[in-house]
Amino acid sequence: MTKFGGIGIIMKKIDYDVRASFDEFSSEDTLFIRKLIHDYNIQSVLDIPCANGRNLPVIGQIVSKAYFADINPYMVNAVRQKILREERRNCSAFVLDMSDLSNMPFEVDAILIMQQSFQMLDSEPAKKALLNLKRSRSRIIVIDTYDFLCGSLDLPVFLSTPCVFCDADNRQWIRSSTVCDINKFRVNIRHEYKSNCKMYYAEVSLLNYSRDMFLSLCEECGHTIYDFYTNYTFGKDLSLGRTIIVIKNDPEAHYGKII
């Protein structure tokens with residue numbers, strides 16, 4: 001399917017596989033990840049879904065062992081190429097399903113699910129993911145969600161600010177993102193990519209959790225919410241849409257308590 005993005009310019013729809021060739025990097029959560037790893041004394045990390053390794057430059061520098069995983073083999077291959085290119089001997093990449101981490105082939109101090117990635121799961125896979133995350137035996141689990149109805153005036157940086165990046169052939173692209181449709185259950189986002197006369201677009205659909213709904217879901221699945229933040233500076237402002245929860249994981253416990 002194609003659409004016209006301007007006079008005589010055809011905008012082509014692309015899928016997740018094609019986006020693996022884009023070297024997107026967001027600095028929005030870089031400082032947060034650094035402080036998180038320092039404050040919680042994290043030595044090993046699983047970043048999932050890692051896409052094409054957007055967090056590799058920061059995580060690979062500050063932990064002893066870093067694992068990057070995605071359900072899409074094209075994304076994982078892109079990460080492996082970066083690991084080889086940058087000679088990151090402490091990093092590895094795997095094909096893993098975020099909704100089924102109960103049989104991970106390794107253990108880590110922390111699992112990071114950043115930039116609203118968890119909201120890509122439908123309701124039942126999301127519950128399955130939370131239950132299996134508990135069985136992962138990781139000490140800390142961090143999940144970044146966004147209530148788009150609550151935070152309409154404080155949209156994530158990846159939506160409110162155009163992103164400039166290069167692809168695998170070092171061609172410069174500009175990505176802009178908009179919320180196309182929103183209700184209390186789901187939000188649809190459109191990403192547009194422009195480079196010279198080429199224009200692509202991709203569509204993403206996310207579940208729209210309220211903060212209370214997501215915290216309750218975590219508690220229902222037996223997680224203990226150790227802390228939560230509403231922005232990337234570790235602050236709390238309940239008027240904001242973002243909720244970054246830090247789960248203190250206890251695989252043996254059956255019920256969690258939000259503190």
Side-chain angles (χ1 to χ4, degrees), residues 1-29 47-56 68-82 93 95-99 113-126 129 144-149 151-152 155-209 241-242:
M1 179 180 179
T2 57
K3 296 183 179 181
F4 285 94
I7 299 175
I9 299 177
I10 296 178
M11 184 174 289
K12 181 180 179 182
K13 185 174 182 179
I14 57 174
D15 58 20
Y16 198 56
D17 293 352
V18 174
R19 290 167 64 191
S21 66
F22 291 169
D23 193 21
E24 297 183 59
F25 177 72
S26 172
S27 61
E28 181 188 18
D29 49 359
D47 180 21
I48 185 170
C50 63
N52 54 13
R54 62 189 174 218
N55 294 323
L56 190 149
F68 299 88
D70 201 283
I71 197 172
N72 188 289
Y74 290 92
M75 291 293 181
V76 173
N77 184 62
V79 178
R80 287 173 177 163
Q81 294 302 314
K82 287 183 184 179
V95 176
L96 288 176
D97 184 348
M98 177 171 51
S99 67
I113 305 176
M114 304 301 293
Q115 293 188 356
Q116 297 79 51
S117 298
F118 193 86
Q119 290 168 262
M120 292 190 297
L121 298 174
D122 286 332
S123 298
E124 288 307 312
D144 176 11
T145 64
Y146 200 89
D147 181 347
F148 287 87
L149 288 176
S152 59
L155 291 174
V157 169
F158 81 92
L159 286 177
S160 60
T161 306
C163 174
V164 180
F165 61 93
C166 294
D167 62 16
D169 297 318
N170 206 34
R171 290 174 299 192
Q172 190 176 84
W173 292 80
I174 298 176
R175 186 200 67 200
S176 57
S177 305
T178 54
V179 174
C180 299
D181 184 45
I182 184 171
N183 58 52
K184 66 178 182 178
F185 301 110
R186 189 167 290 277
V187 56
N188 296 317
I189 298 170
R190 176 187 171 96
H191 301 296
E192 293 187 354
Y193 304 87
K194 300 179 182 180
S195 177
N196 296 327
C197 292
K198 292 187 177 180
M199 300 179 68
Y200 298 145
Y201 75 97
E203 296 173 340
V204 179
S205 182
L206 305 176
L207 284 185
N208 192 20
Y209 292 107
R242 173 176 287 113

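Only heavy atoms go into these numbers, but all of them, side chains included; no hydrogens, no water, no symmetry mates. Nothing fancy with the numbering, it's 1 onward along the sequence.
- Q119 pairs by the side chain to side chain donor-acceptor pair (under 3.5 Å) definition with nothing, not counting sequence neighbours.
- Using a 4.5 Å cut-off on side-chain heavy atoms (C-beta onward), F68 and M75 make no contact.
- Y201 is listed as a side-chain neighbour of E203, based on a closest heavy-atom distance under 4.5 Å.
- Side-chain contact between I189 and L159 is present, with at least one heavy-atom pair separated by less than 4.5 Å.
- For N72, the side chain to side chain donor-acceptor pair (under 3.5 Å) criterion is met by D17, not counting sequence neighbours.
- To the nearest 0.5 Å, the span separating OH on Y209 from OG1 on T145 amounts to 8.5 Å.
- The backbone N or O of L149 sits less than 3.5 Å from a side-chain atom of D147, completing a donor-acceptor pair.
- A distance of 4.5 Å separates CG of D144 from CD of Q116, quoted to the nearest 0.5 Å.
- Listed by chain and residue number, C180, R190 satisfy the side chain to side chain contact (heavy atoms under 4.5 Å, CB included) test with T178 (two or more places apart in sequence, or in another chain).
- The distance from the CZ atom of R54 to the CD atom of Q115 is 4.0 Å, given to the nearest 0.5 Å.
- In this structure, the separation between CG on D181 and CZ on F148 is 12.5 Å, given to the nearest 0.5 Å.
- Here Q81 pairs with N77, R85 under the side chain to side chain contact (heavy atoms under 4.5 Å, CB included) rule; sequence neighbours left out.
- Residues meeting the side chain to side chain contact (heavy atoms under 4.5 Å, CB included) test with I71, sequence neighbours left out: D97.
- C50 has its side chain out of reach of L56: every pair of non-hydrogen atoms, C-beta onward, lies at least 4.5 Å apart.
- Counting all heavy atoms, side chain and backbone alike, Y200 lies closest to M11 at C-CG, 3.8 Å.
- From W173, atom CH2 reaches atom CG of N196 across 8.5 Å, with rounding to the nearest 0.5 Å.
- In this structure R186 satisfies the salt bridge (charged side-chain N to carboxylate O under 4.0 Å, His left out) test together with D122, sequence neighbours excluded.
- Using a distance-only test at 3.5 Å, with no hydrogens or angles considered, no donor-acceptor pair links the side chain of D70 to the main chain of P49.
- With sequence neighbours left out, the salt bridge (charged side-chain N to carboxylate O under 4.0 Å, His left out) criterion links D15 to no other residue.
- Across every non-hydrogen atom of R80 and A93, the tightest pair is NH2-O, 3.0 Å.
- Residues meeting the side chain to side chain contact (heavy atoms under 4.5 Å, CB included) test with L121, sequence neighbours left out: M98, S99, F118, P125, A126, A129.
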